[in-house]
Amino acid sequence: MKIAMIGTGYVGLVSGVCFAEFGFQVTCVDKNPAIIERLQAGEVTIYEPGLDELLVRNARDGRLIFTTDLVPTVADADVIFIAVGTPSRRGDGEADLQYIYAAADEIAAAMKPGAVIVIKSTVVVGTNADVRARIAKARPDVQFSMVSNPEFLREGSAVEDFLRPDRVVVGVHDEAGSAAMKRVYRPLYLRETPMIVTTLENAEIIKYAANAYLAMKVTFINEVADLCEKAGGNVQDVARAIGMDNRIGSKFLHAGPGFGGSCFPKDTRAYAATGRKLEAPQTLIEQVVTVNELRKHSMAQRVIEAAQKSGVTTVAVLGIAFKPNTDDIRESPALDIIPALQKAGLTVRAHDPEARGAAEQVLPEVTWYKSAYEAVEGAGITLLLTEWNVYRALDLKRVATLMSGNILFDLRNVYSGTDIEGTGLDYRSVGRPLVGKRG
Ligand code: NAD
Ligand code: UGA
């Protein structure tokens with residue numbers, strides 16, 4: 001079976017590499033020649049643990065090819081995956097489907113009879129049916145199958161998530177589509193991974209409902225953290241206890257600076273927009289979008305107020321990526337918080353183990369350092385924004401000595417009171433009591 005993967009971003013590249021690892025012949029297509037040149041040279045274009053080894057091995061063994069040439073790739077493929085971006089449309093928050101439709105048109109012109117076209121990108125309900133009708137109109141002579149196969153991998157653990165998913169969701173409208181997906185996912189099927197075979201519409205809604213629910217869980221615990229701060233509680237103790245109830249579950253109950261990334265923000269906006277459009281208001285998720293936006297600003301405000309109170313002029317920011325183990329900075333809280341600090345007159349020094357390259361292009365007037373220790377030198381406040389492993393075991397006495405002030409904002413609750421004891425730091429975390437030396 002020959003697979004074509006259209007789009008080699010986070011999802012397309014990981015999926016393409018993993019399908020090659022399953023033993024299929026995979027050709028990955030991207031319209032960006034710079035990406036394809038690097039991939040052809042065996043260079044991984046995104047930071048994703050474990051991906052480089054699989055990519056190099058499968059390319060070497062001839063199962064994985066990279067090209068900008070869509071037409072011959074599609075013409076030769078049995079299954080064609082679409083994994084292009086579906087960003088937020090400016091203004092109304094709806095998903096911008098222009099890249100999906102453009103890819104569909106190119107595929108329609110080149111596909112062979114019997115082709116199975118699979119949308120892996122996250123698309124609003126109705127899109128698969130629209131694309132199917134569009135392709136059928138363009139090529140009324142050619143029989144093809146349409147499949148919706150949303151992806152649930154997380155950045156930072158994408159390879160592991162793809163190879164060991166909780167479930168595979170497949171939306172189909174005919175038996176041929178369903179049979180092709182069973183073949184494509186056979187290695188997972190043999191490992192007893194549940195496979196949900198459903199309608200195109202259900203598959204589309206499942207993807208958005210899953211992301212919306214997880215984003216809501218994060219927003220919920222963030223508001224619990226606010227309550228804990230006012231009432232003298234500890235959000236980690238609360239989260240641990242409520243998470244032990246199997247009906248709630250312990251995951252996605254880590255309070256922080258608000259969710260970010262290339263998916264939760266845009267997908268909650270698109271889901272809410274779909275609800276408005278279909279007159280089925282998704283009021284909970286509308287609220288999640290608003291609360292999360294406000295949270296990023298209130299976090300910046302905390303730092304600004306602390307700086308003003310103690311005469312601090314320089315803040316060291318540790319972590320720009322929206323989560324650890326990725327170089328992705330799309331809608332990272334850092335992109336709202338840092339400009340807000342700068343607007344308030346604060347100077348920002350920063351470090352991130354992988355995201356500096358991307359961050360430098362969108363965060364002007366930040367001074368970048370090669371290590372956390374260099375970044376904190378001379379800073380009045382240190383602000384830990386991403387829980388990278390390298391920030392989990394900092395020598396806090398050294399940090400305190402290097403800083404000109406002593407305030408450590410840990411917006412990921414990485415450290416505990418015991419870690420802070422004896423360091424001289426004035427420690428402020430999220431939803432937990434203040435610790436350490438004030439002033
Ligand atoms: P991305 O922006 O990283 O990559 C998209 C790629 O598609 C780009 O490299 C672009 O050049 C290429 N492209 C666009 N149009 C093309 C065309 N016509 N032909 C060839 N290449 C084309 O996007 P991503 O983060 O991989 O997300 C892709 C989709 O998957 C989105 O719908 C997203 O919501 C969904 N998703 C993403 C994740 C994630 O962790 N990033 C997880 C699950 C689902
Ligand atoms: C998320 C989903 O977890 C994936 O299942 C989905 O496939 C993907 O979106 C997508 O559709 O693209 P991802 O964005 O990679 O994956 O990262 P998450 O681990 O979900 O984190 C998202 C944001 O929520 C991050 O900013 C993270 O810091 C924040 N978060 C997460 C918290 O603040 N607390 C938590 O307890 C969990």
Side-chain angles (χ1 to χ4, degrees), residues 4-16 28-36 39 45-46 48 67-71 73-74 80-88 95-107 119-124 127 149-158 161-162 165-166 207-208 210-215 217-222 225 235 239 243 249-268 270 292 295-296 319 321-334 385-387 411-413 430:
M5 185 64 64
I6 314 300
T8 57
Y10 286 83
V11 164
L13 185 58
V14 171
S15 307
C28 293
V29 184
D30 205 288
K31 63 178 181 185
N32 183 336
I35 291 180
I36 292 301
L39 290 169
T45 40
I46 55 173
E48 195 56 63
T67 180
T68 50
D69 226 349
L70 183 140
V71 173
T73 305
V74 164
I80 304 144
F81 281 89
I82 302 179
V84 302
T86 50
S88 265
D96 181 352
L97 299 174
Q98 62 165 310
Y99 305 105
I100 296 282
Y101 289 124
D105 291 346
E106 290 178 80
I107 292 166
I119 300 189
K120 201 167 230 334
S121 304
T122 302
V123 292
V124 290
T127 307
N149 172 220
E151 181 50 57
F152 298 94
L153 63 77
R154 290 162 300 170
E155 289 181 24
S157 53
D161 286 349
F162 192 93
D166 290 340
K207 174 62 195 174
Y208 274 102
N211 271 4
Y213 190 87
L214 291 169
K217 215 172 165 189
V218 172
T219 302
F220 171 78
I221 204 66
N222 283 341
V235 71
S250 59
K251 293 182 177 157
F252 278 67
L253 286 179
H254 299 288
F259 60 76
S262 66
C263 293
F264 280 5
K266 83 168 171 64
D267 290 349
T268 45
N292 195 62
R295 183 160 188 87
K296 293 184 277 183
F322 78 98
K323 64 184 285 192
N325 295 325
T326 182
D327 55 357
D328 198 343
I329 59 164
R330 289 179 280 184
E331 300 214 33
S332 174
L385 274 184
T386 316
E387 67 277 32
L411 298 191
R412 296 291 184 170
N413 289 348
V430 178

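Counting starts at 1 for both ligands and their atoms, in listed order. Counting from 1, the numbers follow the sequence of the chain as shown. As the structure is a prediction and not an experimental result, all values here were calculated from the model.
With N222 contributing its side chain and G256 its backbone, the two residues share a donor-acceptor pair below 3.5 Å. Without hydrogens or angle criteria, K296 side chain to P257 main chain gives no donor-acceptor distance under 3.5 Å. With hydrogens and angles ignored, the 3.5 Å screen pairs a side-chain donor or acceptor of R412 with a backbone N or O of L385. In this structure, the side chain of T386 engages the main chain of A321 through a donor-acceptor pair within 3.5 Å. A donor-acceptor pair is defined here as one N or O able to donate and one able to accept, closer than 3.5 Å; such a pair exists between the side chain of K323 and the backbone of E155. Under the 3.5 Å distance criterion, the side-chain polar atoms of K217 are matched with a main-chain donor or acceptor of K251. Between the T73 side chain and the A4 main chain, no donor and acceptor come within less than 3.5 Å of each other.
Among E151, K207, E155, the residue whose heavy atom lies closest to atom 11 (O) of ligand 2 is K207. The residue from T386, L153, D161 that puts a heavy atom closest to atom 7 (O) of ligand 2 is L153. Atom 33 (O) of ligand 2 has its nearest heavy-atom neighbour, among V218, N211, N222, L385, in V218. Of all the listed residues (F322, F259, Y10, F264), F322 holds the heavy atom that lies closest to atom 13 (P) of ligand 2.
Counting protein heavy atoms only, atom 36 (O) of ligand 2 is closest to H254 N, 2.9 Å. Among protein heavy atoms, the minimum distance from atom 3 (O) of ligand 2 is reached at R154 CG, 3.2 Å. Among all protein heavy atoms, the one lying closest to atom 37 (C) of ligand 2 is F252 CD2, 3.4 Å. Nearest non-hydrogen protein atom to atom 5 (O) of ligand 2 is F152 O, 2.7 Å. Remark: minimum distance from atom 12 (O) of ligand 2 to any protein heavy atom is reached at C263 SG, 2.2 Å. Shortest contact from atom 18 (P) of ligand 2 to any protein heavy atom: K323 NZ, 3.6 Å.
The two atoms that bring D30 and T8 nearest to each other are OD2-N, 2.7 Å, heavy atoms only. Taking each heavy atom of E331 and K266 in turn, the nearest pair found is OE2-N, 4.4 Å.
Ligand 2 has no nitrogen or oxygen under 3.5 angstrom from a nitrogen or oxygen of S262. Geometrically, ligand 2 and G260 share a nitrogen or oxygen pair separated by less than 3.5 Å. By the 3.5 Å distance cut-off applied to N or O atoms, E387 is not counted among the residues near ligand 2.
Heavy atoms of other residues, nucleotides or ligands lying less than 6.0 angstrom from OH of Y213 number 12 at most. Under a cut-off of 6.0 angstrom, the local environment of CZ in F220 is sparse, with at most 12 non-hydrogen atoms contributed by other residues, nucleotides or ligands.
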Trace of the side chain to side chain contact (heavy atoms under 4.5 Å, CB included) decision for T268 with N211: CA-CA 7 Å; T268 45; N211 271 4; over 6 Å; no
Please give the N or O to N or O pairs under 3.5 Å between ligand 1 and the protein, distances rounded to 0.1 Å.
unit_1	atom_1	unit_2	atom_2	d
ligand 1	2 (O)	R330	NH1	3.4
ligand 1	3 (O)	Y10	N	3.4
ligand 1	9 (O)	D30	OD1	3.4
ligand 1	9 (O)	D30	OD2	2.7
ligand 1	11 (O)	D30	OD1	2.6
ligand 1	18 (N)	E106	OE2	3.2
ligand 1	21 (N)	K31	N	3.3
ligand 1	25 (O)	R330	NH2	3.0
ligand 1	26 (O)	Y10	N	2.9
ligand 1	26 (O)	V11	N	2.8
ligand 1	32 (O)	T86	OG1	2.5
ligand 1	32 (O)	T122	N	2.9
ligand 1	34 (O)	T122	OG1	3.3
ligand 1	34 (O)	K266	NZ	2.6
ligand 1	40 (O)	E155	OE2	3.3
ligand 1	41 (N)	E155	OE2	2.8
ligand 1	41 (N)	S262	OG	3.4

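Proximity to R412 (heavy-atom distance under 4.0 Å) selects the following atoms of ligand 2: 28 (O), 33 (O).
For G261, the closest heavy-atom approach to ligand 2 does not fall below 4.0 Å.
When each of V11, T127, V84 is checked for a side-chain contact (heavy atoms from CB on, under 4.5 Å) with S121, only V84 meets the rule.
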